[in-house]
Amino acid sequence: WDWCIQQRLVRFHVLSKSMSGQQLARELITCLSVKFGLPSHKIVAAMRDGAAVNGAALRSVKEIMYPELMDIICSSHTLDNVGKRFQTPILTDFSQWWISLFARSPAARIAWRERTSIDIRSCNNTRWWSLWEVQNQLLTHFGDLLPFVQDLQSSPSARQHLLDILLNPEQNQQLCMELAVTVDAGLPFVTKTYLMEGDGDIAVDAYDNLQEVATAAALQNYPNTRALAKKYAAADDEERAEEIYQEARRCVWPAITYFLQKFNHQDSPLFGIVRLFKALRLFCPLRVRKLQPGLNHVDELRLLPALDSDDTIQHLKNELDSLLVAVEDIEECPPNRLQWWCEQEKLPEWKKAARAVFCLAPSSAAAERVFSLLKASTADSQASLLEDHLEIMLQLQYNRRS
């Protein structure tokens, strides 16, 4: 049965120095065309981060060898960049010392576990939104922070910096408000980032996920922030509570503006990707039943180069009525959409197109996992491993996952 999405690490190349876009393009073409013998119509898309050199390389690869390649900029990177634009000076300072405290002190980790009965969250540069997870834990256990730090017997420098903030009433309140608005504003971004970095047939859900984030960003409904603003205001002083609330909201507004511009502005690279994912909803049976698409919706599939031909689009239009009949009794998303498409013998053209669509992903998380494996698998003493040995080791670990 070949209707199965598989992710495989097939090449890991160690570089002595950075490459230009043209150099990287030559390396990619050599690997794909020469080493693996992949013809021009076999590469549907490439998922990458927003680095300019990667964009330049893929433009050359597309022009020279793989004209049907779709260049997909990682949506999860864009969502993760939102968090980097929060303007929370007290929280940023506190978080740095907090993370440093536990990184250097096993005793601090044990003490936190004894006080709260939970393990301390760690911050990992290779995991999106891990800092938000740390800060979410800080907000949840805010009442434990001061007594915990006061009782701590290790890391005197970090302890003193943390106490300076916690014992200052103004900074303590600002820290709490910055935590609340960071958690509230970040929650939809965190949730959807992790959904879009998974495996499987997630490309057809990407638009709905991004749309939900955009809706939440525009609404700016921050319940934790609102509740704490009322707490810090004098009794029944609604005007002061609103001032505190709005001051906290201003901490995240630059980040929200950044995302909404990326999502809505036609000149943004993400805008074209969002349009593509919107069109790909036609490959979710439940969405098709709800949308009841017309011929104009099929035309939008031209955004995927692999489907951008008059014959392909016309064949899909010819089968559109049959597709609508096939989904008319669907009340919920099939548990296995790939299996559903595999069984659609009356929709040969849509079935063929689906094979290309389900190869796509809205993020470059599959590649990012390689770097996480590399960091976890090689100590400083192993840094000089021969390239071939390193590549084989990573392939064995990565490909063993599935």
*Kindly write out the residues that satisfy ring pair (Phe, Tyr, Trp, His ring centres under 6.0 Å) with His265, not counting sequence neighbours, or none if the list is empty.*
none
_Residues which pass ring pair (Phe, Tyr, Trp, His ring centres under 6.0 Å) with Phe263, listed by chain and number, not counting sequence neighbours_ = Phe259
_Holding to salt bridge (Lys or Arg N to Asp or Glu O under 4.0 Å), I want the full list of residues that pass it with Glu63, two or more places apart in sequence or in another chain._
none
*Does NZ or CZ of Arg226 fall inside the cone over Tyr245's six-membered ring, less than 6.0 Å from its centre and within 45° of the axis?*
yes
*What heavy-atom pair brings Val213 and Phe189 nearest, and what distance separates the two atoms?*
CG1-CE2, 3.3 Å
_Looking at Asp71 and Arg48, is there a salt bridge between them, counting it only when a charged N and a carboxylate O are closer than 4.0 Å?_
yes
*asked:* Within the 4.5 Å heavy-atom criterion, are Leu167 and Gln150 side-chain neighbours or not?
replied: yes
*Quick one: are Ser75 and Ser363 in side-chain contact, heavy atoms under 4.5 Å?*
no
*Are any of the side-chain nitrogens in Asp205 or Arg281 under 4.0 Å away from the carboxylate oxygens of its partner?*
no
*Out of Thr191, Thr193, Asn136, which residue meets the side-chain hydrogen bond (donor to acceptor under 3.5 Å, both in side chains) rule with Trp129?*
Thr193
*Partners of Asp184 by salt bridge (Lys or Arg N to Asp or Glu O under 4.0 Å), sequence neighbours excluded?*
none
*Among all residues two or more places apart in sequence or in another chain, which pass the salt bridge (Lys or Arg N to Asp or Glu O under 4.0 Å) test with Arg113?*
Asp119
_Under the rule for salt bridge (Lys or Arg N to Asp or Glu O under 4.0 Å), what residues qualify as partners of Glu332, not counting sequence neighbours?_
none
*What is the ring orientation for Trp350 with Phe283, classed by angle as parallel under 30°, tilted 30 to 60°, or perpendicular over 60°?*
tilted
*Cation-pi geometry met for Arg85 and Tyr258 (6.0 Å, 45°)*: yes
*Given ring-ring contact (aromatic ring centres under 6.0 Å, His included), test Trp3 with Trp340 step by step and report yes or no.*
CA-CA 10 Å; Trp3 279 78; Trp340 188 89; over 10 Å; no
